[in-house]
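Okay, structure first, notes after.
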Amino acid sequence: MKYKFWDVSRDRKKKPITKSDRLLELIAAAMAVSLLVLTGILYSKSPDVVPSHFNAALEADDWSNRNIYWLLAVIMLIGMAICASAAYNRKLVNLPIRLKPTVFYRQIGLISRMCRIMTIAFGLIWLSVLLAMSADVIGLPEEIAVILIPVSEVLMLGVVLFYTLKIWWIGRTC
């Protein structure tokens, strides 16, 4: 039988899911649920028009209807779901690295761990966007809320770079 795109049984033969991987999945699921609840609370408390875009000076330069909260929630949930499913299907992850048969399962384990951490990073981006959009509603200084967005994006980029280099190094040294 030819190896099919959605068949991930080959990837998990020798690399079981560890307790820390399950913990990361649990944290991501709890984060998704709590952010949905937070979205609902902020939606109900926010005015009809909320800031939806910020310029480089961290000032609101575009405004939208408060329904933007739910649109962003759907987009971020899709991003979190893609990252979470990529932890189980390595073909959803397109790294510029050739996986070596001698350390294949170790590299696959790192790819899965990276995807689980990326799921949490998507949740952090969602949280920072929510805080930036509703800073005046919750009494948070807007400068603090808006600075969280680039920090969470740099965190996401750092996770990808760290794990890509680590996977590459393991394949290079073996």
Return the set of residues passing side-chain contact (heavy atoms from CB on, under 4.5 Å) with [X] (not counting sequence neighbours), or none when no residue passes.
X	result
I120	L24, I27, A28, M31
I78	V74, I82
I75	L71
P101	none

Item checked: Residue pairs fulfilling salt bridge (Lys or Arg N to Asp or Glu O under 4.0 Å) with at least one residue in residues 29-41, sequence neighbours excluded ->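 Every candidate salt bridge (Lys or Arg N to Asp or Glu O under 4.0 Å) pair involving residues 29-41 fails, so no pair, neighbours aside, qualifies.
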
Next item on the list: Hey, could you give me each pair passing salt bridge (Lys or Arg N to Asp or Glu O under 4.0 Å) that has a residue in residues 73-87? Not counting sequence neighbours.
Entry: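 Applying salt bridge (Lys or Arg N to Asp or Glu O under 4.0 Å) to every pair that reaches into residues 73-87, excluding sequence neighbours, yields nothing.
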
Notebook entry, point to check: Linking Ile, Leu, Val, Met, Phe, Trp and Tyr through side-chain heavy atoms less than 4.5 Å apart, which residues share a cluster with V154?
Noted result: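 Noted: V154 shares its cluster with no other residue.
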
Name the atoms and distances for all side-chain donor-acceptor pairs under 3.5 Å in residues 155-163, with sequence neighbours left out.
none

Same cluster or not: are [X] and [Y] linked, directly or through other Ile, Leu, Val, Met, Phe, Trp or Tyr residues, by side-chain heavy atoms under 4.5 angstrom apart?
X	Y	answer
M133	I138	yes
I41	I68	no
L23	M114	yes

Item checked: side-chain contact (heavy atoms from CB on, under 4.5 Å) assessment of I117 paired with R113 -> CA-CA 6 Å; I117 294 172; R113 176 75 49 87; 4.1 Å; yes

Item checked: Which residues share a salt bridge (Lys or Arg N to Asp or Glu O under 4.0 Å) with R22, sequence neighbours left out ->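 Scan of R22 (salt bridge (Lys or Arg N to Asp or Glu O under 4.0 Å), adjacent residues dropped) gives E25.
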
Next item on the list: Please test L127 against L38 for side-chain contact (heavy atoms from CB on, under 4.5 Å), starting from the C-alpha separation and ending with a verdict.
Entry: CA-CA 9 Å; L127 176 65; L38 181 63; 3.7 Å; yes

Separation between [atom1] of [X] and [atom2] of [Y], rounded to the nearest 0.5 Å:
X	Y	atom1	atom2	value
L124	T119	CG	OG1	11.0 Å
L130	M76	CG	CE	8.5 Å
I111	N89	CD1	CG	11.0 Å
L35	L77	CG	CG	8.5 Å

Donor-acceptor contacts, no H, no angles, side chain residues 165-174, under 3.5 Å, sequence neighbours left out:
residue	atom	partner	partner atom	Å
T173	OG1	W169	O	3.0
T173	OG1	I170	O	3.3

Item checked: L42 backbone acceptor or donor facing S134 side chain under 3.5 Å ->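 No; judged by distance alone, with no hydrogens or angles, the pair does not exist.
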
Next item on the list: Only pairs at least two apart or in different chains count here, so list each side chain to side chain donor-acceptor pair (under 3.5 Å) that has a residue in residues 64-81.
Entry: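 Listed once each, the pairs are Y43-N67, S52-S64.
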
Item checked: Set of residues satisfying side chain to side chain donor-acceptor pair (under 3.5 Å) with respect to S152, sequence neighbours excluded ->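 Applying side chain to side chain donor-acceptor pair (under 3.5 Å) to S152 gives S128.
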
Next item on the list: Evaluate whether atom CG of N94 has more than 12 neighbouring non-hydrogen atoms of other residues, nucleotides or ligands under 6.0 angstrom away.
Entry: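 Atom CG in N94 is not packed in, count stays at 12 or less.
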
Which atom names give the shortest non-hydrogen contact between [X] and [Y], and what distance separates them?
X	Y	result
E153	I125	CG-CD1, 4.0 Å
A32	M80	CB-CE, 3.9 Å
A87	S112	O-OG, 2.8 Å

